[in-house]
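Read through the structure below, which is laid out as structure tokens, and then see the notes.
Letters go in sequence order (proteins before strands), and every chain restarts at 1. Not measured: the values here are computed from a predicted model.
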Number of protein chains: 2
Amino acid sequence: MEKDFITTLREHGLQVTYQRLAIYQALFHTKEHPSAESIYQQVRKRFPMISLGTVYKTLERFSEAGLIQKVSPMTEVARYDADVTPHLHFVCLHCQMIKDLEDPAFDMNIPMPNTNGFQIVRRQVLFQGYCPNCRKRQ
Amino acid sequence: MEKDFITTLREHGLQVTYQRLAIYQALFHTKEHPSAESIYQQVRKRFPMISLGTVYKTLERFSEAGLIQKVSPMTEVARYDADVTPHLHFVCLHCQMIKDLEDPAFDMNIPMPNTNGFQIVRRQVLFQGYCPNCRKRQ
DNA sequence: ATTCTTGCAAACGGTTTGCACATAC
DNA sequence: GTATGTGCAAACCGTTTGCAAGAAT
């Protein structure tokens, strides 16, 4: 994996540093979906000199390059909706516009996959991309 | 609507104040999914004395009571995932644990409903609720 | 040699908190 | 009269930014 990831970094024009390898490795070896702080604590065990700022910058770069996924938040600030019925949301990655999507064909009653003690309170389906306006200006 | 909402507030043991009515009304009359700040600016036109803190507290109360919906963020802090393949996420509302859900029956290739100039980059399906541990302690 | 990255510390900004006063019940 | 809510300001905390020193190419 190490070798492959070095290649991947180079393919994306990213320099190879031990910090980046350590950060990716920490993320790769867990299913916890850790926060930046948590990854920082993990990596610090081996490299006490690393800084939290580097972890943030690195995760941002990886995320931009599509090497990792930022699970949340979907927008920088909280947004509210008076409509509490389940429906789809589209979030523009550029202007942060949120639009309700109607699709009668889409079944919001997604069956909870093997519930196994997990109690589902609500579900949210989000589409991310670019709205017509922001699409033009790219 | 005003009358019904007053009833709804009382049903949830919430006192009726003109601030709460104004905040709900501002949210109810838009499809913009506004932020707290944006709602504050709107309400301020009619009630210049209202404070941003009150807007935050009120939205939190409404959200807890299920009168409105907090669209995002799903967790307070950003969380990362080395797995970039589309998959379902479960987020525990209590401990913030995130779990990947596998469901072969669920089609992640959700068709984009009437795309109309919206360019979809990615989609995310989130389930919120309580994990087995936190469920017990409730 | 040049460009990119790191570490540090300060700044930023959305959100929360504490508390005295005011309002709803 | 009591419990609840408001307004204000300060605190909080996750994240970003600026910059000089260091490392990668």
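- The overall bend of the helix from C:dA1-D:dT25 to C:dC25-D:dG1, read as the angle between its terminal helix axes built from five base pairs each, is 40° when rounded to 10 degrees.
- There is no side-chain donor-acceptor pair under 3.5 Å between A:H94 and A:N133.
- No hydrogens or angles considered: a donor-acceptor pair under 3.5 Å links the side chains of A:S51 and A:T54.
- Taking 4.0 angstrom as the limit, B:T17 places a side-chain polar atom (N or O) nearer than this to OP1 or OP2 of D:dT6.
- Within the structure, every side-chain polar atom (N or O) of B:R10 is placed at least 4.0 Å from both OP1 and OP2 of C:dA24.
- The distance between atom OH of A:Y40 and atom C1' of C:dC8, rounded to the nearest whole Å, is 10 Å.
- In the set C:dT6, C:dC8, D:dT16, C:dT6 carries the atom at the smallest distance from any side-chain atom of A:R20.
- A:T8 places a side-chain N or O within 3.5 Å of a backbone atom of A:D4 that can act as its donor or acceptor partner.
- Look at B:Q19 and you'll find a side-chain N or O under 4.0 angstrom from OP1 or OP2 of D:dG7.
- If you measure from atom CG of B:L52 to atom P of C:dG13, you get 14 Å, rounded to the nearest angstrom.
- Counting distance only, with no hydrogens placed and no angle test, the side-chain atoms of B:K57 and the base atoms of C:dG18 include a donor-acceptor pair under 3.5 Å.
- Close placement of the B:F5 and B:F62 rings is indicated, their centers lying within 6.0 Å of each other.
- Closest to the side chain of B:M49, out of D:dG5, D:dG7, C:dG7, is D:dG7.
- The aromatic ring centroids of A:F47 and A:Y18 lie less than 6.0 Å from each other.
- Looking at which nucleotide of DNA chain C each of B:E60 and B:V16 is closest to, the 5′-most match is held by B:E60.
- A:I23 places its CD1 atom 8 Å from the P atom of C:dG7, with the value rounded to the nearest Å.
- A:H33 places a side-chain N or O within donor-acceptor distance of the main-chain N or O of A:K31, the cut-off being under 3.5 Å.
- Residue contacts shown for B:T54 include a base, since a base heavy atom lies under 4.0 Å away.
- Side-chain contact between B:E37 and B:Y56: absent, with no pair of heavy atoms (C-beta onward) separated by less than 4.5 Å.
- Considering only side-chain atoms of A:T58, the nucleotide from D:dG5, C:dC25, C:dT6 that sits closest is C:dT6.
- At C:dT5, one or more side-chain N or O atoms of A:R61 fall inside 4.0 Å of OP1 or OP2 (strictly under the cut-off).
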